[in-house]
2 protein chains.
Amino acid sequence: MPTLSDVAQRAGVTTATVSNVIRGKGSVGPATAERVRAIIADIGYRPNLTARALAEGRAPTLALLVSSIANPFYPEFARAAEQAARREGHFLLVCHTETDADIGLAYLDRVSSGLSEGVLAMAGNLRPQDLVAVADRGVPVVLVMWEQTREALPMHSLTVDFHTAGRLAAEHLLALGHRSIGLVSAKTAEGCLVHVQRHCGFLATLAEAGVSLPDTSIEYDRDTIGGGFRAALDLLSRANGLTAVFATNDLLAIGAMQAAAALGRRVPQDLSVMGVTDIELAAQMRPALTTVAIGTVAVAESSIRLLLDKIRLGSVHNEQYSTPPPVLIRRGSTAPPPR
Amino acid sequence: MPTLSDVAQRAGVTTATVSNVIRGKGSVGPATAERVRAIIADIGYRPNLTARALAEGRAPTLALLVSSIANPFYPEFARAAEQAARREGHFLLVCHTETDADIGLAYLDRVSSGLSEGVLAMAGNLRPQDLVAVADRGVPVVLVMWEQTREALPMHSLTVDFHTAGRLAAEHLLALGHRSIGLVSAKTAEGCLVHVQRHCGFLATLAEAGVSLPDTSIEYDRDTIGGGFRAALDLLSRANGLTAVFATNDLLAIGAMQAAAALGRRVPQDLSVMGVTDIELAAQMRPALTTVAIGTVAVAESSIRLLLDKIRLGSVHNEQYSTPPPVLIRRGSTAPPPR
DNA sequence: AGTTGGCAGTTAAGCGCTTAACCTCAACAA
DNA sequence: TTGTTGAGGTTAAGCGCTTAACTGCCAACT
């Protein structure tokens, strides 16, 4: 592969000049610039990005740490994040930490040793102290939807107002006339605040409306349809007269729809079902799933922008950003309760 | 951030010795090694991977070019590929080329300028000449499931036997007793050989069994459930007496199941439905989707291994590998035809 | 005693690029 | 005439790491 000095040699100038031509900096005569450009095109020279990264002290790469892709939300997020990064001239290194905090640590470690300029951390299984260690080494880190832990970590973070998401869901079901509503949520003991918040927003709204606390089914397996199926089956067979089910994410909601079908209850005529997130699958269901959209693409774009801001401005104070509020997406899986 | 020479200085040795300690090469006395290691741990030194990549002339990174993630198969593949790459000490740069060949070109270009050691190309929208140009520059490229084009590109490739996949599907339905079978496939004019092959294997097997060619519905939108829904609706309303539908991928098949439900036909009692690929969603449907698994994880692992072999052995001949044959996964969406 | 060989380390030359600092010369104003 | 200025370069010092080649030194052979 040709290098800068190959080009320089052929053009009869120094590498500095060629570099200046490429970067459009410094002052180079038009004739020289043209000659250099012609040679670059001729021999097919491409700058070595690794060398450039070393010389500039920064890599055109951002890392995204996600725990798993069991939930299609993550690929959707990753894709949007990658597009946003690309628009800013950056690559995205996607790292699946799976369920193993040590894999996360290994990634954090390697990624923060020069390969990437910053880290977007979404993986709930990362240990807070590992993140802090990396941040302390001067690597820009942005926490995305990191409501896993209550203690505020000393770094930038981007949060989504999941409380409002729960509230919107409750308001929608109440407005339709439902008064006997079941809740399918994730096990709170795992400290998964993203579910707890939705859960609480939902309950608070019902309480304000004077509706008694709903029957609840908790599922450990919060990122599978099967989990929602089992939870809803349990819920529907235990509690009579439920006319609606709210699940704290779309996957659980889809499982709930399946449970309704298995029990011979039609959605939405006999039972309304709704979720949170608005994954692409939600719109593809029959009936299409009513849900509260959190704006996946917007969240991804904000995350990238926040990280890039932190990198470029080097802001020290660790700000906390929120994305625009969630939005109710009315589809076919909810309707007024049967009389 | 501390550098090699910081460590060397504190340890009273040269950077070469520290480097040797880290890499376990050369010969270093046990006492010195221990001292160096202690200092590394003490000051929290991490090798700069960019500098290492430059010095070694290779980056610990592989690039994966996918076109989109509309079909959940791609994230599943990407995840498996990333895990395989990690086990080999590599990172995975995921690049979504979307529908734009120029984005693909830009990625190919940048990724092949030192940032990654090799490229896994799955994106059907990449232009063959762009791939050839990159390969000619000496960048190892492996084509994965690149049956988009008939002309053999001069590079390594990994293919899946989709013809057998179609055959297995036909054999399964025939064995169950179906004689009137519908086919939902992707538009062949787009040159999407991965669908055409499944399609042909299926038809050939039916023909061998003396079963007349089935009714067929072609869908442009091959990577959405909605596409399968529309196609199957068309098919089922046009052709009377169909007892089974074979769709050339799982998404189309899931759409077909929805269409059956919309028409009041129970799956599998009234209509059997099956697909190809075995995406995770297939197992989560109710009834669970019978399908022909192509071994996504195995394909991903083979891709990575093939690419790494090409990189390490620098093999010049452009071999073509095949993954293990597809396997029928019998689930609840197929049954003998109604009498 | 003289050689050999291996261990423990050092030296120094890169890898391909960026960039601050410097040089030269023509044009121009004072 | 002298000084200033700016355009159009050049020089050279890195960025942080790897590695081939080399240097001492000491124990072990013959």
Side-chain angles (χ1 to χ4, degrees), chain A residues 1-37 39-40 43-61 89 109-117 137-139, chain B residues 1-37 39-40 43-61 89 110 112-117 137-139:
Chain A
M1 280 214 195
T3 71
L4 241 208
S5 51
D6 292 335
V7 177
Q9 218 167 315
R10 261 177 245 254
V13 294
T14 63
T15 62
T17 300
V18 178
S19 179
N20 281 333
V21 170
I22 291 172
R23 332 201 87 228
K25 292 171 128 188
S27 63
V28 183
T32 310
E34 206 32 68
R35 185 157 35 95
V36 167
R37 261 190 284 272
I39 289 169
I40 286 176
I43 67 178
Y45 166 77
R46 309 274 92 188
N48 179 318
L49 264 24
T50 299
R52 178 177 288 179
L54 181 59
E56 287 183 333
R58 61 206 172 76
T61 305
D109 202 52
R110 304 203 60 198
V111 133
S112 67
S113 352
L115 274 186
S116 97
E117 215 182 343
R137 277 208 269 132
V139 178
Chain B
M1 281 218 196
T3 70
L4 242 207
S5 52
D6 292 335
V7 176
Q9 218 167 315
R10 260 177 247 256
V13 294
T14 62
T15 61
T17 299
V18 178
S19 178
N20 281 333
V21 169
I22 291 171
R23 333 201 85 228
K25 291 171 129 190
S27 63
V28 183
T32 311
E34 205 33 68
R35 185 158 33 95
V36 167
R37 262 190 282 272
I39 289 169
I40 286 176
I43 67 178
Y45 166 76
R46 307 276 95 185
N48 179 317
L49 264 23
T50 298
R52 178 177 288 179
L54 182 58
E56 288 183 333
R58 61 206 172 77
T61 305
R110 304 202 59 197
S112 67
S113 342
L115 233 39
S116 95
E117 216 182 342
R137 277 209 269 130
V139 178

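Naming: A, B, ... by sequence-line order, numbering from 1 per chain.
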Asker: Heavy-atom count check: over 12 atoms from other residues, nucleotides or ligands less than 6.0 Å from Arg35(B) CZ?
Answerer: yes

Asker: The test is side-chain contact (heavy atoms from CB on, under 4.5 Å); show your working for Val7(B) and Val36(B) and say whether it passes.
Answerer: CA-CA 7 Å; Val7(B) 176; Val36(B) 167; 4.2 Å; yes

Asker: Over how many whole Å does the gap from Arg23(A) atom CZ to dG8(D) atom P extend?
Answerer: 20 Å

Asker: Determine, step by step, whether Asn48(A) and Thr3(A) satisfy the side-chain contact (heavy atoms from CB on, under 4.5 Å) criterion, reporting the C-alpha distance in whole Å, the side-chain angles of both residues, the deciding distance to 0.1 Å, and the verdict.
Answerer: CA-CA 8 Å; Asn48(A) 179 318; Thr3(A) 71; over 6 Å; no

Asker: Please list every donor-acceptor pair under 3.5 Å in which a side-chain atom of residues 52-59 of chain B meets a protein atom from a residue at least two apart or in another chain.
Answerer:
from: Glu56(B); atom 1: OE2; to: Arg23(B); atom 2: NH1; distance (Å): 3.4
from: Glu56(B); atom 1: OE2; to: Arg23(B); atom 2: NH2; distance (Å): 2.5

Asker: Treating primed atoms plus P, OP1 and OP2 as sugar-phosphate and everything else as base, which nucleotides of nucleotides 8-16 of chain C get B, S or - for protein heavy atoms under 4.0 Å?
Answerer: BBBB--BBB

Asker: Is any side-chain N or O of Lys25(A) closer than 4.0 Å to OP1 or OP2 of dT18(C)?
Answerer: no

Asker: In dot-bracket, 5' to 3', how would DNA chain C read with Watson-Crick or G-U wobble pairs under 3.5 Å, [ ] for crossing ones and | for pairs to another strand?
Answerer: ||||||||||||||||||||||||||||||

Asker: Any idea which heavy atoms bring Arg137(A) and Asp109(A) closest together, and the distance?
Answerer: NH2-OD1, 3.2 Å

Asker: For Ile43(B) versus Arg10(B), what's the shortest heavy-atom pair and its separation?
Answerer: CG2-NE, 3.9 Å

Asker: Return the value, rounded to whole Å, for the distance between atom CD1 of Ile22(A) and atom C1' of dT18(C).
Answerer: 11 Å

Asker: Give the intermediate values and the outcome of side-chain contact (heavy atoms from CB on, under 4.5 Å) for residues Arg46(B) and Ser112(A).
Answerer: CA-CA 9 Å; Arg46(B) 307 276 95 185; Ser112(A) 67; 5.8 Å; no

Asker: For a side-chain contact (heavy atoms from CB on, under 4.5 Å) check, start with the C-alpha distance between Leu4(A) and Ile22(A), then their side-chain angles and the critical distance, and finish with the verdict.
Answerer: CA-CA 10 Å; Leu4(A) 241 208; Ile22(A) 291 172; 4.1 Å; yes

